Amino acid sequence: MIAITDIRSLQRFLLLFTFLILLIKNHVNCGRADWTIEKDASFWREQARISINEALNRRENTKIAKNVIMFLGDGMGVSTVTAGRIRKGQVNGQLGEDLLTEMEQFSHLGLSKTYNIDHQTPDSAATATAYLCGVKAQLGTIGVDGRAKRTNCTSSLGANVTSILDWAQQLGKKVGIVTTARITHATPAAAYSHVPERNWEAYDNTNFGATQTEQGCTDIAHQLVLRSPPIDLLFGGGRRFFFPRSTPDIENSTLFNSRTDNKSLIDEYWKGHFIWNRTEMNKIELGSSRPIFGLFERDHLQYETDRLSKGNDEPSLTEMTRFAIEHLLKTNQGFFLLIEGGRIDHGHHETRARYALDEYVQFDTAIGEAKKLLTEKGVLDETLLVVTADHSHVFSFGAYAARGSNILGFGSLEQLNVSDVDQLPINIITYGNGPNFPSPRNASYLSTLDTNSTSYLSPAALPMRAETHGGEDVPVYAHGPWSHLFIGTMEQHTIAHKMAYAACWGDYVNRAGCSENPASSSTTSPNTSTTSSNNHANSSNQFQFIQTFILLFFYFYIFTVTKN
């Protein structure tokens with residue numbers, strides 16, 4: 001036992017104990033409510049040492065990926081990831097800047113070049129064609145190669161390209177799509193349809209009609225229900241594109257559907273379950289052989305912020321993600337699952353930063369739920385997880401905001417709290433263009449703003465009815481079998497090929513190593529076989545915590561004994 005013989009020793013003991021508690025809290029929670037512990041240089045040296053050790057202990061996982069899950073944050077550029085990280089921490093009562101989000105815990109990171117073959121700044125259609133079909137294409141086109149010209153039906157005939165869903169189904173794998181956007185929207189549509197115009201979501205006589213049909217084209221919704229074999233699980237919005245304009249929406253009888261060809265695609269073509277709310281979703285038997293089609297809104301799903309406040313029977317992205325993974329795992333056949341946080345993009349287009357960042361938080365939470373579930377089922381190590389975006393936005397934040405400043409509010413400008421030009425507050429978040437132009441700059445206006453409101457529009461530098469995409473590279477996070485392929489700066493279309501390579505699908509079905517038993521196909525020895533980045537991080541953190549505790553206890557003991 002250590003004898004504490006005087007008040008000075010007791011003070012030293014309490015100081016060291018406090019430091020230890022703060023250190024433990026940091027290791028466990030990875031998110032701080034204050035930065036007191038950061039003042040000591042030893043804190044940063046220890047953080048660096050842990051980071052280096054984790055990198056040194058990382059091993060490549062070269063198993064065949066039995067399952068592949070792609071998480072697509074629509075419009076999730078690097079600035080959105082950073083601001084979203086801060087928002088997520090602050091929602092949980094933390095400073096936010098030091099939080100480590102779920103996607104940031106993945107073992108490998110790269111950057112994706114998002115340009116379309118004809119545009120410097122891309123759209124969601126051609127980018128989805130790139131990362132799902134493995135070829136770059138012209139802006140506004142879906143599931144076709146570069147020969148197809150936007151809106152030109154005849155140019156697209158013979159230009160179809162297959163997607164990773166096709167490659168998986170060819171080998172008997174299960175496939176699914178989960179999105180918070182319309183199921184016929186650009187991102188999910190690239191998985192199953194082929195059109196030279198992304199707005200051909202339905203036969204509506206506005207975007208698509210008799211002319212395109214006579215030329216040999218089919219609208220996206222119709223292509224989806226005609227697909228054979230069908231997609232095993234489909235969750236999203238967009239009911240109106242599957243039912244006749246003459247019929248009211250199933251949830252809201254005051255609103256009507258969109259199809260003008262008098263077809264009810266669900267009634268005429270769909271041979272599986274059809275559901276439209278969370279209650280019905282939860283009644284379905286997991287692993288059922290019948291395909292499942294869930295359309296939970298007439299149009300896009302609600303923004304997560306609104307869904308929570310209205311409390312209706314619409315599932316969250318996290319709930320849909322958990323159901324989809326549990327359902328597909330029940331089949332034990334291996335699967336490909338696309339999960340899209342589709343409304344990050346929409347919030348940015350409206351310059352409603354609260355919407356965009358809360359959508360990011362829910363998207364990251366869904367990723368965490370997936371990792372947790374795969375770990376519980378013991379299959380995380382044989383599942384390739386890829387998180388990326390189709391494109392970025394002209395979204396930025398800065399203004400020298402003080403640590404822990406409300407990310408949705410005003411910057412401190414090094415505690416001056418006002419612009420050095422007009423002496424008025426400066427917004428942390430701004431957009432390069434958008435509808436709030438010119439944003440008023442007067443004290444009476446600024447004093448009325450509620451920047452936390454979903455109706456608040458962030459200021460924009462240039463006038464646009466809707467804010468535009470950004471052209472910079474976007475992040476690619478990867479974990480699991482062959483995740484080390486996703487490092488460095490890569491062309492966006494290579495993402496589809498790298499996922500297929502990891503799983504031995506498509507062009508890579510006969511690559512070296514694909515004939516091996518997936519259960520024993522790791523080229524690493526039992527002593528160095530990789531585990532998930534999350535498990536590794538946990539075990540590494542536990543080891544570092546124990547080591548730190550022993551060292552601190554030892555230093556305290558020596559210090560106390562020598563003083564006594």
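These figures come from a predicted structure and were not determined experimentally.
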Given 3.5 Å as the limit, does a donor-acceptor pair link the side chain of Gln492 with the main chain of Asp390, or not? yes
Can you check side-chain contact (heavy atoms from CB on, under 4.5 Å) on Phe323 and Val178, steps first, answer last? CA-CA 10 Å; Phe323 181 96; Val178 173; over 6 Å; no
For Leu317 and Gly341, work out which heavy atoms get closest and say how close. CD2-CA, 4.1 Å
Around atom CD of Glu376, are there more than 12 heavy atoms from other residues, nucleotides or ligands closer than 6.0 Å? yes
Pairwise distance CD(Glu102) to OG1(Thr365) - rounded to 0.5 angstrom: 7.5 Å
Student check: side-chain heavy atoms of Tyr477 and Ile367 closer than 4.5 Å: no
Return yes if some donor-acceptor pair links the side-chain N/O of Ser483 with the main-chain N/O of Gly480 below 3.5 Å, else return no. yes
Arg352 and Thr454, any side-chain heavy atoms less than 4.5 Å apart: no
Would you say that more than 12 heavy atoms from the other residues, nucleotides or ligands in this model lie under 6.0 Å from the CH2 of Trp35, or not? no
List the steps and the verdict of side-chain contact (heavy atoms from CB on, under 4.5 Å) for Arg32 and Glu38. CA-CA 10 Å; Arg32 296 182 282 283; Glu38 298 175 0; 2.7 Å; yes
For the residue pair Ser316 and Glu304, confirm or rule out a side-chain donor-acceptor distance under 3.5 Å. no
Please check: side-chain N/O of Gln94 versus main-chain N/O of Lys88, any donor-acceptor pairing under 3.5 Å? no
Under 4.5 Å between any side-chain heavy atoms of Trp505 and Phe336, yes or no? yes
Measure from the side-chain N and O atoms of Trp482 to the backbone N and O of Lys63, and report whether any donor-acceptor pair falls under 3.5 Å. yes
Let me see the working for Arg354 and Asp450 under salt bridge (Lys or Arg N to Asp or Glu O under 4.0 Å), right down to the final yes or no. CA-CA 11 Å; Arg354 168 73 185 276; Asp450 178 7; over 6 Å; no
Tell me, please, which residues at least two apart from Asp123 pass side chain to side chain donor-acceptor pair (under 3.5 Å). Arg198
Going by atom types only, do Asn67 and Lys174 share a side-chain donor-acceptor pair under 3.5 Å? no
Distance col, row Asp34:CG vs Arg403:CZ, nearest 0.5 angstrom, shows 9.0 Å
Hey, what do you get for CZ (Phe395) to OG1 (Thr430), rounding to the nearest 0.5 Å? 8.5 Å
Quick one: do the Tyr456 and Asn436 side chains pair a donor with an acceptor below 3.5 Å? no
Can you confirm whether Thr80 sits close enough to His393 that some side-chain heavy atom of one is under 4.5 Å from a side-chain heavy atom of the other? no
Is there a donor-acceptor pair under 3.5 Å between the side chain of Thr82 and the backbone N or O of Val78? yes
Taking all heavy atoms of Gln333 and all of Lys66, pick out the closest pair and write down the distance. C-CE, 4.4 Å
Considering all heavy atoms of both residues, which atom of Leu301 and which atom of Pro315 are nearest to each other, and what is their separation? CD2-O, 4.2 Å
Check this for me, if you would: do Arg322 and Glu369 make a salt bridge, where the nitrogen-to-carboxylate-oxygen distance has to be below 4.0 angstrom? yes
Ring pair (Phe, Tyr, Trp, His ring centres under 6.0 Å) partner of Tyr501, chosen from Phe486, Tyr508, Trp167: Tyr508
Once salt bridge (charged side-chain N to carboxylate O under 4.0 Å, His left out) is applied, do any residues pair with Glu491, and if so which ones, sequence neighbours excluded? Lys113, Lys136
Distance, nearest 0.5 Å, that separates CG of Leu286 from CD of Glu326: 5.5 Å
Using atom types as modelled and distance alone, determine if a side-chain donor or acceptor of Arg441 lies under 3.5 Å from a backbone N or O of Pro425. yes
Could you give me the CA-CA distance, side-chain angles and deciding distance for Ile69 and Ile325, then say whether side-chain contact (heavy atoms from CB on, under 4.5 Å) is met? CA-CA 9 Å; Ile69 304 177; Ile325 294 175; 3.9 Å; yes
Side-chain heavy-atom pair Phe235, Ile339 within 4.5 angstrom cut-off: no
Could you check whether any side-chain N or O of Arg343 sits under 3.5 Å from a backbone N or O of Thr180, counting only pairs where one atom can act as donor and the other as acceptor? no
Answer yes if the ring centres of His348 and His469 are under 6.0 angstrom apart, and no otherwise. no
If every non-hydrogen atom of Glu472 is compared with every non-hydrogen atom of Ser392, which pair is closest and at what distance? OE2-OG, 2.6 Å
Can you label the angle between the His497 ring and the His493 ring as parallel, tilted or perpendicular, going by 30° and 60°? perpendicular
Distance (rounded to the nearest 0.5 Å) between Asp381 CG and Leu374 CG: 11.0 Å
State whether the side chain of Ser51 and the backbone N or O of Gln47 hold a donor-acceptor pair below 3.5 Å, judged by distance alone. no
Asp358 bridged to Arg307 by N-O distance under 4.0 Å: no
Considering only heavy atoms from C-beta outward, does the side chain of Met70 approach that of Thr388 to under 4.5 Å? yes
Please examine the side chains of Ile407 and Ile428, heavy atoms only from C-beta on, and report whether any two atoms are closer than 4.5 Å. yes
Can any side-chain N or O of Glu97 pair as donor or acceptor with the backbone N or O of Gly404 at less than 3.5 Å? yes
Nearest heavy-atom neighbours spanning Gly434 and Ala460: N-CB, 3.4 Å
What I'd like to find out is whether the side chain of Phe363 reaches to under 4.5 Å of the side chain of Val387, using heavy atoms alone. yes
Distance alone, cut at 3.5 Å: any donor-acceptor contact between the side chains of Glu467 and Thr351? no
The side chain to side chain donor-acceptor pair (under 3.5 Å) partners of Ser458 (sequence neighbours excluded) come to none
In short, Leu384 meets Ala65 closest at the heavy-atom pair CB-CB, 4.1 Å
Does Asn406 reach the main-chain N or O of Leu408 with its side chain, forming a donor-acceptor pair under 3.5 Å? yes
Do His391 and Thr114 meet the criterion of a side-chain donor-acceptor pair at a distance under 3.5 Å? no
Straight-line distance of Asp74 CG to His346 NE2, nearest 0.5 Å: 6.5 Å
